[in-house]
Asks: 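Quick one: structure below, then a few questions.
These numbers come from a predicted model, not from an experiment.
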Amino acid sequence: HFTSPTDIMKIVGPTIVEPWRGAIEQATSLKDLRALLTRLERFTVLDPACGSGNFLYVAYREIKRLEAAIYERMATLFPK
C-alpha cells in the first residue's frame, strides 16, 4: 500500500511547491535565478512515511517542475 499522489500533494504543495514558486516569481535578476537553482540542487526532502518511496517520487517530480520554471523564467526575462 502506498500514499496516493493526491494525498502527497496536500503536503508537498504547501510546503515545497508554493514557497519555491513564490521565490521564483520574486526573482528579478539572472543572479537571483541562478542562486535559486543552486539552492534547489541542494534541497533535501524527508519521506515521512518511509514506505514505498511514492512520497519521494512525487516530491522529485515537483522539484523538477520547479527547476523547469526557473529556466523558463530565465528565458523569459533574459532572452538571448
Asks: Identify the two heavy atoms, one from G53 and one from D47, that lie closest to each other, and give their separation to 0.1 Å.
Replies: CA-OD2, 4.0 Å

Asks: Please tabulate, for the side chains in residues 16-23, all donor-acceptor contacts under 3.5 angstrom to protein atoms that are two or more places apart in sequence or on a different chain.
Replies:
none

Asks: Rounded to the nearest 0.5 Å, how far does CE of M74 lie from CG of L33?
Replies: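 The CG atom of L33 sits 5.0 Å away from the CE atom of M74.
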
Asks: Provide the closest heavy-atom pair for I70 versus L37 in the form atom of the first, atom of the second, distance.
Replies: CG2-CG, 3.6 Å

Asks: Partners of D7 by salt bridge (Lys or Arg N to Asp or Glu O under 4.0 Å), sequence neighbours excluded?
Replies: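 Only K10 meet the salt bridge (Lys or Arg N to Asp or Glu O under 4.0 Å) criterion with D7.
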
Asks: Any side-chain heavy-atom pair from V45 and F55 closer than 4.5 angstrom?
Replies: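 Touching, per the 4.5 Å side-chain cut-off.
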
Asks: Going by the rule salt bridge (Lys or Arg N to Asp or Glu O under 4.0 Å), which residues pair with E67 if we only count those two or more places apart in sequence or in a different chain?
Replies: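 Per chain and number, E67 pairs via salt bridge (Lys or Arg N to Asp or Glu O under 4.0 Å) with K64.
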
Asks: At their closest point, which heavy atom of A27 faces which heavy atom of L77, and how far apart are they?
Replies: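 So the minimum-distance heavy-atom pair works out to O-CD1, 3.9 Å.
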
Asks: Which side-chain N or O atoms in residues 56-63 pair as donor and acceptor under 3.5 Å with protein atoms at least two apart or in another chain?
Replies:
residue, atom, partner, partner atom, Å
E62, OE2, R65, NH1, 2.9

Asks: What pairs of residues pass the salt bridge (Lys or Arg N to Asp or Glu O under 4.0 Å) test when at least one of them lies in residues 24-42, not counting sequence neighbours?
Replies: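 Residue pairs with at least one partner in residues 24-42: there are none.
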
Asks: Of all the heavy-atom pairs spanning N54 and S4, show the shortest one and how long it is.
Replies: ND2-C, 4.3 Å

Asks: Please list all pairs passing the ring-ring contact (aromatic ring centres under 6.0 Å, His included) test where one or both residues lie in residues 61-80, with sequence neighbours left out.
Replies: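 ring-ring contact (aromatic ring centres under 6.0 Å, His included) check on residues 61-80 returns no pairs.
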
